[in-house]
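Being a predicted model, the structure only gives us computed values, none of them experimental. Reminder, nothing fancy here: chain letters follow the sequence lines and each chain counts from 1.
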Amino acid sequence: MSEPTSRITLEVNGRDVTADVPSRTLLVEFLRDNLGLTGTHVGCDTSQCGACTVHLDGIAIKSCTIFAVQAQDATVTTIEGLDPAADHPLQRSFQRCHALQCGFCTPGMIMAAASLLATDPTVGAAEVRGALEGNLCRCTGYQPIIAAVLEAGKELAG
Amino acid sequence: MLRFGVNVGAKFGIGQAVRRAEDRRFVAGSGRYVGDIVLPGMAHAVVVYSQHAHGMIRSIDTSRASAMPGVIAVLTGADAVADGIGGLPPYFMPADSGGPPGYRTIRPILVADRVRCIGDRIAVVIAESERQARDAAAAIDVDIAPLPAVVSPDAAAAPGAPLVWDDCPGNACFTLAFGDVAATEAAFARAAHVVALTIHNNRISANSIEPRCAVGCFDPATAGFVLHTSSQNPHGVRKVLAQSVLHVPENDIRVISPDVGGGFGMKADAYPEDAIVLWAARRLGRPVKWVGTRSEALMGDNHGRDQTADAALALDEHGRALGLRLTARHALGAYVASATVAPITFAMRMLPGVYDIPAVAVRTTATFTNCSPTGPYRGAGRPEACFALERLMDMAARAIGIDRVDIRRRNLISADQMPYTTAVGVTYDSGDFGAMMDRCLSLADWSGFPERQRQTEAKGWLRGRAVTSYLESAGVFNDRMELRFDPEGNVTILAGTHSHGQGHATVFPQLIHEWLGLPYDKIKYIQGDTDKVAFGRGTYAARSSMLAGTALHAAAQDAIAKGRTMAAQLLDADIDDIMFADGQYSVGQGNRTIGFADVVKAFYRPIGVPGGLSLGLTTIGTAGGQSPNFPNGAHVCEVEVDPATGAIHIDRYVVVDDVGRILNPMICEGQIVGGIAQGLGQALLEAIVYDPDSGQLLSGSFSDYGMPRPDTMPLHIESELAEIPCKTNVLGVKGVGESGTIAAPPTLVNAVLDALWPLGVTDIAMPLTPARVWTAIDQASKRGAA
Ligand code: FES
Ligand code: FES
């Protein structure tokens, strides 16, 4: 029995993509395996770590929770596409605040935070904690991550 | 010398908060982890794990799986035996350093006969895609006749308990004892006060956010293996796989550990999957990749802690400790794995820790259970020791009726007792434990507690606090660092250690910049490849600052010495007149000078290297054999507890750490704060739970295993560093990687028990989930009413 496949067309990091994939391919698998965008990570199998966070039509989602076919006609942004020079205020503030150690959670954290700050760059610490509740980091204890998000928010708010 | 706060010096030199060189690729999403590797012709492996805690395999039916789409091979333990594949031994046993013989196990990479824990590896499917391999793995029928299982060290030690290994009576693998039993009994006999308690250090999982993964390759032309694996210790993995599993020379295997997404001790071991991908790659003639899932990680990674201890402290009428007695059962799981002997030993040898206790008798029995093996996990035995001591100190203060700060002041080893040798024979070189505590108390506004307590009580909650001290022992084994200079006068550091979050690519160049005066941004750093790095022992147990730092210092000194010979030639001067300072050689104090980089270039002249010196410049430094260093410090925690729900709110957390000479304060604080979060995780949330009857794993996913999250951690951990240079290493450094994890559990637990003390709650087993806190309050109030 051969596996059912589907044709999908979507935009990823500003590029139009069309591909035939097994219908049960998760969006994160499509990004990593088909497009080689390995900045999006997989840290769990129950949608609880946030390492796979990307933007779907501008909103942060866990790309392990949807099938690639569900992104049909959508616009997807991954960490590789967040800023052409990898110079988003969050990418700078994470470095300044030592908000990463092993770096494995970092792309997901930054994508989750970028979506939050795009909605409201003036959010306070409590909202940042709440918004990142679905993103796990084992290295930093979160404190410098919260600080980095607040700093980037200040910069974005001008 | 004691200094709080941070150094100022050259911009990229020692003591500077230099931003991390490794971060740019990580924030851009261009880190390269093992899971990102794709090789031509690569096949995918999925492993079948035992779903029984204990039992005999009656049959493994692979016929359905083998016929499924994309399946290339299905391998079982019988195939491994037929191919002469060996199993995984522990890295070492007590007997290897003169201890008792113990029961040494070999863990099969695929079990053929008797499974001994949930997560024992039984079969592997290799297919064209991971999805196909997973489908086929689910179609393998494994028939296991269950045997009774035992999952806690206490139950395993009880008479008549099921045996994990039939010829290991009582499931007792080995017993280690330290101290003086007679002197300790005498101390207890004359004590005015004795306090005693039984504690359990919960079994927890490292849960690096990157699960383990491995890619194996085999080149038939050279008979060479290449293993890409997410390891903290690539040379250690190579040795085990070569000697014990594949039976090939070590130099037939190249192990590469590129970016590794956290390890915490768990990734220091060689795992069955590392062996499976190499063996399968040789059989199939194709690269084979295995990427673990989180559920497989929770089930199959080595766990940490799982120690039960009966501890007692004898004190005189003034609250001076006279004697300490502790008897522990430390779970091994089903196999003696990895360096698990280390945490079991440190849990004893780090008693009596920071306290001046004249008589000590401690004893631990390493006990087999039908669980995944335990191994080193951040802290590795020091947290167990610290937990016992700090719980006992609080208990003793209450029993005697003295202040919890006072009892510590009366018992802490003082700075003028240094060097100090403990009753179990460990010698500390330096430290001022009282000064750390005093500073921490003042930063935390300890004296302002009563007012805060009134405010908390006004809203119907309870407030409690605790102060603790910890001691760490850092710097095991030896290590090696290499400086490879090139024709342009630049240098590459080849490290025997392995950074997987610790920032070595930043800190080691800081050292070389300071010592050799070469531009910071031109210093290159390589690690984690056994073909590039001649030898090393990896990173764990807070060892790298001292061992790699000392080895790097030796390599730098050798480079300066070799350069001096060259400089004498180039400056046409007597070698004894050549001085080196700030990256320049000079003749005496005069103005005939030459920079270090130019001296290096002269080693690469195409003909006629000056003075007949040999072509090129490479220097090697090694370190080892000296005493470990003893990082130490104090923690203060203040909590609010809602008696209606059992919820704990951490109001403040303050920590002062003596880290010896500070190399990079930003990275030190990152290590400390991250470590505290892991320690608080153990205290508040985390537990690997097996059902006591069936041995089933009940905490098999992130839905059941409580991880610290942004909203469960304290709003702000205040960290201050103190510099009391270590006297036994040339840099004066003390380790920093495990410190936070050691003291956080007793600090949190003591603070919560302080809050609940008025209600009659005297103990709650970790993790202090709201349910457990609420139940403890409820039971105490029922006792009070009865
Ligand atoms: S991989 Fe998507 S939430 Fe963990
Ligand atoms: S930096 Fe390692 S998991 Fe967050």
Side-chain angles (χ1 to χ4, degrees), chain A residues 1-3 22 24-25 29 32-33 36-49 51 78-80 82-83 86 88 90-92 94-96 98-108 110 125-126 128-146, chain B residues 17 19-20 22-33 35-36 38 69 129-132 206-211 259-264 291 293-296 500-503 666-667 669-671 673-678 680 701-703 707-711 713-717 740:
Chain A
M1 184 189 74
S2 83
E3 171 142 21
R24 59 178 167 155
T25 305
E29 295 169 331
R32 287 180 55 84
D33 302 341
L37 295 169
T38 54
T40 303
H41 295 153
V42 177
C44 73
D45 45 10
T46 50
S47 299
Q48 271 154 332
C49 77
T78 70
I79 186 73
E80 291 92 342
L82 180 63
D83 182 273
H88 186 279
L90 281 161
Q91 287 170 313
R92 275 183 272 122
F94 265 60
Q95 298 183 59
R96 266 196 321 275
H98 191 26
L100 62 153
Q101 291 182 23
C102 78
F104 197 79
C105 71
T106 309
I110 288 179
V128 174
R129 278 173 191 274
L132 296 183
E133 185 266 344
N135 287 71
L136 291 176
C137 174
R138 194 50 150 170
C139 300
T140 64
Y142 302 106
Q143 182 161 312
I145 293 176
I146 309 299
Chain B
R19 272 188 222 157
R20 300 200 325 163
E22 43 274 78
D23 285 355
R24 261 207 81 71
R25 69 176 183 274
F26 292 141
V27 299
S30 48
R32 188 168 166 82
Y33 301 88
D36 303 337
V38 177
S129 77
E130 184 184 342
R131 224 172 283 119
Q132 290 168 328
N207 276 325
S208 57
I209 302 301
E210 178 203 33
D259 288 331
V260 171
F264 313 110
V291 178
T293 66
R294 178 60 50 191
S295 309
E296 290 166 353
H500 37 280
Q502 296 87 343
M666 178 189 83
I667 288 174
E669 283 183 11
Q671 289 292 310
V673 170
I676 290 171
Q678 279 183 325
L680 291 176
S701 81
F702 275 163
S703 305
M707 285 285 281
R709 291 180 179 270
D711 55 347
M713 282 295 103
L715 281 176
H716 182 67
I717 295 170

>> With a 4.5 angstrom heavy-atom cut-off, is it the side chain or the backbone of B:Asp36 that approaches chain A, or both, or neither?
In response: both

> Between B:Pro710, B:Gly501, B:Gly29, which shows the greatest number of heavy-atom pairs under 4.5 Å with chain A?
Replying inline: B:Pro710

> Given that the side chain runs from C-beta out, which part of B:Ser703 has a heavy atom under 4.5 Å from chain A: side chain, backbone, both or neither?
Replying inline: both

>> Tell me which of these, A:Glu29, A:His88, A:Gln95, has more heavy-atom pairs under 4.5 Å with chain B than the rest.
In response: A:Gln95

>> For B:Asp711 versus A:Glu133, what's the shortest heavy-atom pair and its separation?
In response: OD2-CG, 3.0 Å

> What part of B:Gln671 is in contact with chain A, defined as an atom under 4.5 angstrom from a non-hydrogen atom: side chain, backbone, both or neither?
Replying inline: both

>> Donor-acceptor pair, distance only, cut-off 3.5 Å: does the side chain of A:Arg129 make one with the backbone of B:Leu715?
In response: yes

> With a 4.5 angstrom heavy-atom cut-off, which part of A:Thr140 approaches chain B: side chain, backbone, both or neither?
Replying inline: backbone

>> Minimum heavy-atom separation for A:Leu136 and B:Met707, please, with both atom names.
In response: CD2-CB, 3.9 Å

>> I need the B:Arg131 CZ to A:Asp33 CG distance, nearest 0.5 Å.
In response: 7.5 Å

> What's the shortest heavy-atom distance between A:Leu100 and B:Val27, and which atoms?
Replying inline: CD2-CG1, 4.1 Å

>> Can you tell me which portion of A:Arg96 sits under 4.5 Å from chain B's heavy atoms? Options are side chain, backbone, both or neither.
In response: both

>> Is B:Arg709 in contact with chain A via its backbone, its side chain, both, or neither, using a 4.5 Å heavy-atom distance?
In response: both

> Where does A:Ile110 contact chain B at under 4.5 Å (heavy atoms): side chain, backbone, both or neither?
Replying inline: side chain

>> Report which part of A:Asp83 has an atom under 4.5 Å of a heavy atom belonging to chain B: side chain, backbone, both, or neither.
In response: neither

> Roughly how far apart are A:Phe94 CZ and B:Phe26 CZ, rounded to 0.5 Å?
Replying inline: 14.0 Å

> Which residue out of B:Gly262, B:Ser30, B:Ala677, B:Ala28 racks up the most heavy-atom pairs below 4.5 Å with chain A?
Replying inline: B:Ala28

> Between A:Cys137, A:Ala99, A:Gly141, which shows the greatest number of heavy-atom pairs under 4.5 Å with chain B?
Replying inline: A:Gly141

> For the atom pair CZ (B:Phe264) and SG (A:Cys102), what is the distance rounded to the nearest 0.5 Å?
Replying inline: 6.0 Å

> Looking at A:Asn135, A:Ile79, A:Asp45, which one has more heavy-atom pairs under 4.5 Å with chain B than the rest?
Replying inline: A:Asp45

>> I need the B:Glu210 CD to A:Cys105 SG distance, nearest 0.5 Å.
In response: 12.0 Å

> In terms of heavy-atom proximity below 4.5 Å to chain A, should B:Leu680 be classed as side chain, backbone, both, or neither?
Replying inline: neither

> So which of B:Arg24, B:Gln502, B:Glu296 has the largest heavy-atom pair count under 4.5 angstrom toward chain A?
Replying inline: B:Arg24

> What heavy-atom pair brings A:Phe104 and B:Tyr33 nearest, and what distance separates the two atoms?
Replying inline: N-OH, 3.3 Å

> Checking heavy atoms, do the side chain of B:Ala206, its backbone, both or neither come under 4.5 Å from chain A?
Replying inline: backbone

> Side chain, backbone, both or neither: which part of A:Tyr142 has a heavy atom under 4.5 Å from chain B?
Replying inline: side chain

> Between B:Met713 and A:Gln143, is a side chain to side chain contact (heavy atoms under 4.5 Å, CB included) present by the stated rule, with each step listed?
Replying inline: CA-CA 8 Å; B:Met713 282 295 103; A:Gln143 182 161 312; over 6 Å; no

> So what's closer than 4.5 Å to chain A heavy atoms on B:Val260: side chain, backbone, both or neither?
Replying inline: backbone

> Can you say whether B:Ile676 sits under 4.5 Å from chain A via the side chain, the backbone, both, or neither, judging by heavy atoms?
Replying inline: neither

> For A:Val42, is it the side chain, the backbone, both or neither that has a heavy atom under 4.5 Å from a heavy atom of chain B?
Replying inline: backbone

> Side chain, backbone, both or neither: which part of A:Thr25 has an atom under 4.5 Å from a heavy atom of chain B?
Replying inline: both

>> Under 4.5 Å from any heavy atom of chain A, what part of B:Phe702 do you find: side chain, backbone, both or neither?
In response: both

> What distance do B:Arg294 atom CZ and A:Thr46 atom OG1 have between them, rounded to the nearest 0.5 Å?
Replying inline: 9.0 Å

>> As an exercise, state the distance from CD of A:Gln101 to CG of B:Asp23, rounded to the nearest 0.5 Å.
In response: 9.5 Å

> Between B:Arg25 and chain A, which part of the residue has a heavy atom less than 4.5 Å away: side chain, backbone, both or neither?
Replying inline: neither

>> Heavy-atom pairs under 4.5 Å with chain A - which of B:Gly31, B:Pro708, B:Ala17, B:Gly503 has more of them than the others?
In response: B:Pro708

